Amino acid sequence: MKVFAMQASISHFRTISLCLLLAAGFTWLAVPGLAQGAGLAMLGTLAKGEWTIKYRDGSPDRKICVRSGQELIQIKHDETGCSQFIVEDGVSRVSVQYTCPGNGYGRTSIRRETAALVQLETQGIHAGLPFQFQAEARRTGSC
């Protein structure tokens, strides 16, 4: 009878251990997903309105309407349906890598100087061609 009780206890211990291991594994997998959804708070602190992007290479300025700050991430890829992965999510700097199915990918870093002034660095592939630029974006009015 003692042998049966001991085997039952070992079996019970193995079941509990397996359940704990699985729970820990699922938690480990879920945490990065939770972090992705709650990030990029810095972009929400930027002033809403019309922003002018001045490219450092002398390309013509571009005006965009900023409503959430997310508009600054995909300057070269302005289509919807792109997936994003947060690489850095700081108080004054964010970096996001994104992929646009059928149209390339990019990685953008945005450094906040004030609520109305940021520095942009981005690079990637658009329409089969590489791109890379640095720019300053400044709020210039309302849209």
Side-chain angles (χ1 to χ4, degrees), residues 4-143:
F4 177 72
M6 186 177 224
Q7 286 177 340
S9 293
I10 291 172
S11 176
H12 185 67
F13 177 75
R14 285 183 183 160
T15 303
I16 291 173
S17 297
L18 181 60
C19 288
L20 289 173
L21 185 62
L22 287 172
F26 286 128
T27 302
W28 179 76
L29 290 172
V31 169
L34 293 174
Q36 291 294 309
L40 303 177
M42 181 275 285
L43 295 179
T45 68
L46 299 178
K48 312 305 182 240
E50 179 187 83
W51 284 60
T52 301
I53 300 170
K54 293 187 175 284
Y55 297 95
R56 298 218 194 290
D57 67 1
S59 297
D61 293 353
R62 177 178 172 190
K63 294 184 182 292
I64 64 169
C65 187
V66 172
R67 292 181 180 88
S68 68
Q70 289 273 339
E71 299 84 358
L72 297 169
I73 294 173
Q74 295 177 206
I75 297 293
K76 198 72 170 167
H77 296 88
D78 55 3
E79 66 262 22
T80 59
C82 301
S83 63
Q84 296 182 349
F85 178 78
I86 300 170
V87 177
E88 180 181 2
D89 188 14
V91 174
S92 62
R93 184 181 178 91
V94 298
S95 294
V96 177
Q97 189 164 320
Y98 62 90
T99 303
C100 302
N103 198 21
Y105 58 88
R107 181 177 177 139
T108 301
S109 293
I110 304 169
R111 182 174 50 87
R112 181 186 191 273
E113 292 190 15
T114 69
L117 176 64
V118 297
Q119 302 299 320
L120 303 170
E121 294 180 32
T122 189
Q123 62 183 353
I125 301 290
H126 179 262
L129 298 173
F131 69 89
Q132 178 180 3
F133 64 84
Q134 296 178 341
E136 178 177 276
R138 182 182 304 267
R139 186 181 187 280
T140 52
S142 44
C143 47

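Predicted model, so just to flag it, every value in this text is computed and none were measured. Residue indices begin at 1 and follow the sequence shown.
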| Candidate pair Thr122 and Phe131, rule side chain to side chain contact (heavy atoms under 4.5 Å, CB included), full reasoning | CA-CA 8 Å; Thr122 189; Phe131 69 89; 3.8 Å; yes

Give a yes or no on whether the backbone of [Y] and the side-chain of [X] come within a donor-acceptor separation of less than 3.5 Å.
| X | Y | value |
| --- | --- | --- |
| Arg139 | Lys48 | yes |
| His77 | Asn103 | yes |
| Asp61 | Lys54 | no |
| Lys76 | Gln74 | no |

Return the [atom1] to [atom2] distance between [X] and [Y], rounded to the nearest 0.5 Å.
| X | Y | atom1 | atom2 | answer |
| --- | --- | --- | --- | --- |
| Ile53 | Thr140 | CD1 | OG1 | 10.0 Å |
| Asp78 | His126 | CG | NE2 | 7.0 Å |
| Glu136 | Leu117 | CD | CG | 5.0 Å |
| Glu50 | Lys63 | CD | NZ | 4.5 Å |
| Tyr105 | Tyr98 | OH | OH | 10.5 Å |
| Phe133 | Leu120 | CZ | CG | 7.0 Å |

Heavy-atom check, side chain of [X] versus side chain of [Y], under 4.5 Å:
| X | Y | result |
| --- | --- | --- |
| Leu72 | Thr108 | no |
| Ile75 | Tyr55 | yes |
| Arg93 | Ser109 | yes |

| field | Sequence-distant partners of Glu121, salt bridge (charged side-chain N to carboxylate O under 4.0 Å, His left out), two or more places apart | value |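 Counting only residues at least two positions away or on another chain, Glu121 forms no salt bridge (charged side-chain N to carboxylate O under 4.0 Å, His left out).
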
| Within a reach of under 6.0 Å around CZ of Arg62, are more than 12 heavy atoms found that belong to other residues, nucleotides or ligands? |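 Yes, CZ of Arg62 has more than 12 neighbouring heavy atoms, counting only those of other groups under 6.0 Å.
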
| task | Could you give me the CA-CA distance, side-chain angles and deciding distance for Cys65 and Arg67, then say whether side chain to side chain contact (heavy atoms under 4.5 Å, CB included) is met? | result | CA-CA 6 Å; Cys65 187; Arg67 292 181 180 88; 3.9 Å; yes

| request: Heavy atoms only: give me the nearest Gly81-Pro101 pair and the separation to one decimal. | output: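 In this case the closest contact between Gly81 and Pro101 is O-CD, 3.6 Å.
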
| Of the non-hydrogen atoms in Ile110 and Met42, which two are nearest, and what is the gap between them? |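 Smallest interatomic distance, heavy atoms only, reads O-CE, 3.6 Å.
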
| said: Assess the residue pair Leu40 and Ile73 against the criterion (side chain to side chain contact (heavy atoms under 4.5 Å, CB included)); give the C-alpha distance rounded to whole Å, side-chain angles, the decisive distance to 0.1 Å, and a yes or no. | reply: CA-CA 11 Å; Leu40 303 177; Ile73 294 173; 4.0 Å; yes

| task | Could you check Glu113 against Gln119 for side chain to side chain donor-acceptor pair (under 3.5 Å), going step by step and ending with a plain yes or no? | result | CA-CA 8 Å; Glu113 292 190 15; Gln119 302 299 320; 3.0 Å; yes

